[in-house]
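The structure appears right after this line, and notes come after that.
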Amino acid sequence: MAGFSRRQIEERVDVIREHHDGEDFAAAVERFSNELDEGELAELREILLERMREHARRNPAFDDRLAQGGFFKRTYRRLDRKLHD
């Protein structure tokens with residue numbers, strides 16, 4: 001990884017989460033992803049998936065929102081496009 005350790009990426013996601021919600025969160029994560037190399041993008045994706053799973057365990061209603069195309073789903077699609085471009 002070029003510039004960010006996994007811990008630094010986790011910390012940045014925490015800061016983004018503190019300041020943004022919903023679509024704004026997804027947009028902020030996308031902006032941050034522009035600073036990352038391929039390996040770091042993979043770490044970011046894994047971190048977001050882990051956070052999503054943790055949140056889903058605490059909040060059963062989350063599954064319904066995710067199935068309806070919530071901001072996490074849109075964020076993952078954006079990251080997947082970047083990884084596969």
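The basis for the numbers below is simple: all heavy atoms, side chains too, and nothing from hydrogens, waters or symmetry mates.
Hydrophobic clustering (side-chain heavy atoms under 4.5 Å, transitive across Ile, Leu, Val, Met, Phe, Trp, Tyr) groups Val13 together with Leu49.
Taking 4.5 Å as the limit, every side-chain heavy atom of Leu48 sits out of range of all side-chain heavy atoms of Met52. Two residues are said to be in side-chain contact when any heavy atoms from C-beta on lie closer than 4.5 Å; Arg12 and Val29 fail this criterion. Counting only heavy atoms from C-beta outward, the side chains of Glu43 and Phe4 never approach each other to under 4.5 Å. Side-chain contact between Glu40 and Asp37: present, with at least one pair of heavy atoms (C-beta onward) separated by less than 4.5 Å.
Under the ring pair (Phe, Tyr, Trp, His ring centres under 6.0 Å) criterion, no residue pair touches residues 33-53, with sequence neighbours excluded.
The local environment of CD in Glu38 is sparse, with at most 12 non-hydrogen atoms from other residues, nucleotides or ligands closer than 6.0 Å.
In terms of heavy-atom proximity, Ser33 sits nearest to Lys82 at OG-CE, 3.2 Å. Of all the heavy atoms in Gly3 and Gln8, the pair that sits closest is O-OE1, 3.5 Å. Scanning both residues, Arg17 and Phe25, for their nearest heavy atoms gives NH1-CG, 3.3 Å.
With rounding to the nearest 0.5 Å, the separation of CG in Asp21 from CD1 in Ile16 is 13.0 Å. Put simply, CD on Glu10 and CD on Glu46 are 10.5 Å apart, with the number rounded to the nearest 0.5 Å. Interatomic distance, CZ of Arg45 versus CG of Leu79, reported as 7.5 Å (0.5 Å rounding). In this structure, the separation between CD1 on Ile9 and CG on Asp14 is 12.0 Å, given to the nearest 0.5 Å.
For Glu11, the salt bridge (charged side-chain N to carboxylate O under 4.0 Å, His left out) partners are Arg7, not counting sequence neighbours. For Asp24, the salt bridge (charged side-chain N to carboxylate O under 4.0 Å, His left out) test picks out no residue, with sequence neighbours left out.
Remark: Glu50 engages Arg6 in a salt bridge, criterion side-chain N to carboxylate O under 4.0 Å.
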